[in-house]
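For reference, the structure is listed below as structure tokens.
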2 protein chains.
Amino acid sequence: MGRTADYSRQTCPIAATLEVIGDPWTLLILRDAFNGVRRFEQWQERLGVARNVLASRLKTLVAHGVLRTEPYSDRPPRHEYLLTDKGRELRPVLLTLYDWGERNIYGEGQAPNRMVHDGHPFRPKLVCATCGEEPGSRDLRRVDQDVAAPTVGEALARDAG
Amino acid sequence: MGRTADYSRQTCPIAATLEVIGDPWTLLILRDAFNGVRRFEQWQERLGVARNVLASRLKTLVAHGVLRTEPYSDRPPRHEYLLTDKGRELRPVLLTLYDWGERNIYGEGQAPNRMVHDGHPFRPKLVCATCGEEPGSRDLRRVDQDVAAPTVGEALARDAG
DNA sequence: ACCCAGCGTTCTTAAACGAAACCCCCTTGC
DNA sequence: GCAAGGGGGTTTCGTTTAAGAACGCTGGGT
């Protein structure tokens, strides 16, 4: 029936997230949003993405509340796209993707840019918010809930309504 | 000319990472790998992904060194797919995706499963490895290197060779 | 009046997906 | 010895989506 990876039957937060930001280009659109890009033409120019695809991606990001539109001119009517709080919470996702790519593809210090935090080099570290420890492979488990949890499709529908 | 989002002209670790794991299904394949899945039929059954697509994804993950094959039977010749060290380093990516989906789509405690770390609930927190602080939007910057950095395509080629 | 900027929409074409059939290799059971 | 079945794919074919280029719309500038 086509090509879309349809994650919506699953019941999993990862699948749910990918349903929102898993399309090709979407994460690069968000990367640029974090870097200050707000307008259609800027994204189009920087990414070289097809305009129809860009329009469609922006639309679904707005529909999911990751971006919102804000008018910046009445005549002619123009608006820009800004990250919402929900969108800003995606920053850890981008940072971990960045880190993996730098270490595993580019190699340390070989990347075209660096992250700087308050004057010193930044490298993300993921810790347990409760105890502050870095989780190992052994001590972290995924436990099923006994309640019947909604599928991705259902959760997204509720989220939109 | 087709459909692939081609990130390879960019020079960015995020784009480089997406070139490896950004295909539809790939992140769910990895999610299941972290949950102990190792064989073709298991993935096929759990994901419902088309077999040709699954075969192709596994192939590229092996080619990029995220998974490796390990024989588990000589006659008939059979192998399973295991995460490499490089693959295991993707865990933070999966954890941040999980966290976002749980909080922003399912809602706290509504997800079908929970993460448990050493007996207590786990929620990932991203901190600066150097100073231990959680970075805000203001104090984290991306700084260009002056050296001419390789494109994603070049970095991946070097990575493979 | 003409051109330009900004933001898309509409078209066509070609790649990638989805589904199901098919294939190979070997084991087990009758 | 032959059929059935499991594991791990590949082939074939139809459909959907992305790429790419062209066009449209709104208003501003000169």
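The figures that follow rest on heavy atoms only: side chains count, while hydrogens, waters and symmetry mates do not. Letters A, B, ... are given to chains in the order of the sequence lines, protein chains preceding strands, and every chain is numbered from 1.
- Side chain of A:Ala50, nearest nucleotide from D:dG27, C:dA19, D:dG20: D:dG20.
- When rounded to the nearest whole Å, the span between CZ of A:Arg38 and C1' of C:dC7 equals 18 Å.
- Under 4.0 Å is where a charged nitrogen must lie from a carboxylate oxygen, and between A:Arg68 and A:Glu70 at least one such pair does.
- A donor-acceptor pair under 3.5 Å links the side-chain atoms of B:Trp43 to the main chain of B:Ile29, judged by distance alone.
- Atom CG of B:Asp23 and atom P of C:dA15 are 16 Å apart (whole Å).
- Distance alone, capped at 3.5 Å, is enough to place a donor-acceptor pair between the B:Thr96 side chain and the B:Pro92 backbone.
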Set out, line by line, the N/O atom pairs under 3.5 Å between protein and nucleotides 7-9 of chain D.
residue : atom : partner : partner atom : Å
D:dG7   : O4'  : B:Arg78 : NE           : 3.4
D:dG7   : O3'  : B:Tyr72 : OH           : 3.1
D:dG7   : N3   : B:Arg78 : NH2          : 2.9
D:dG8   : OP1  : B:Tyr72 : OH           : 2.8
D:dG8   : OP1  : B:His79 : O            : 3.4
D:dG8   : N7   : B:Glu41 : OE2          : 3.3
D:dG8   : N7   : B:Arg51 : NH2          : 3.1
D:dG9   : OP2  : B:His79 : NE2          : 3.2
D:dG9   : OP2  : B:Tyr81 : OH           : 2.7
D:dG9   : N7   : B:Arg51 : NE           : 2.9
D:dG9   : N7   : B:Arg51 : NH2          : 2.7
D:dG9   : O6   : B:Arg51 : NE           : 3.3

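- Whole-Å rounding puts the A:Arg75 CZ to D:dC25 P distance at 18 Å.
- With ring centers used as reference points, B:His120 lies 6.0 Å or more from B:Phe122.
- The nearest heavy atom of DNA chain D to A:Pro76 and to A:Val49 marks one nucleotide each, and the one closer to the 5' end goes with A:Val49.
- Residue A:Glu45 qualifies as open at atom CD: its count of foreign heavy atoms under 6.0 Å is 12 or below.
- Rounded to an integer number of Å, the gap from A:Trp25 CH2 to D:dA19 P is 6 Å.
- The side chain of A:Val53 has D:dA18 as its nearest neighbour among D:dA18, C:dG18, C:dT27.
- When rounded to the nearest whole Å, the span between CG of B:Asp6 and C1' of D:dT17 equals 16 Å.
- In the set D:dT12, C:dC25, D:dG20, the nucleotide with an atom closest to the side chain of A:Asn52 is D:dG20.
- Judged by the 6.0 Å distance and 45° axis criteria, B:Arg88 is not positioned over the aromatic ring of B:Phe34.
- In this structure, CG of B:Leu28 is placed 14 Å from P of C:dC17, rounded to the nearest angstrom.
- The distance from atom CG of B:Leu54 to atom P of C:dA20 is 16 Å, rounded to the nearest whole Å.
- A salt bridge does not link B:Glu108 with B:Arg114: every distance from a Lys NZ or Arg NE/NH1/NH2 to an Asp or Glu carboxylate oxygen is 4.0 Å or more.
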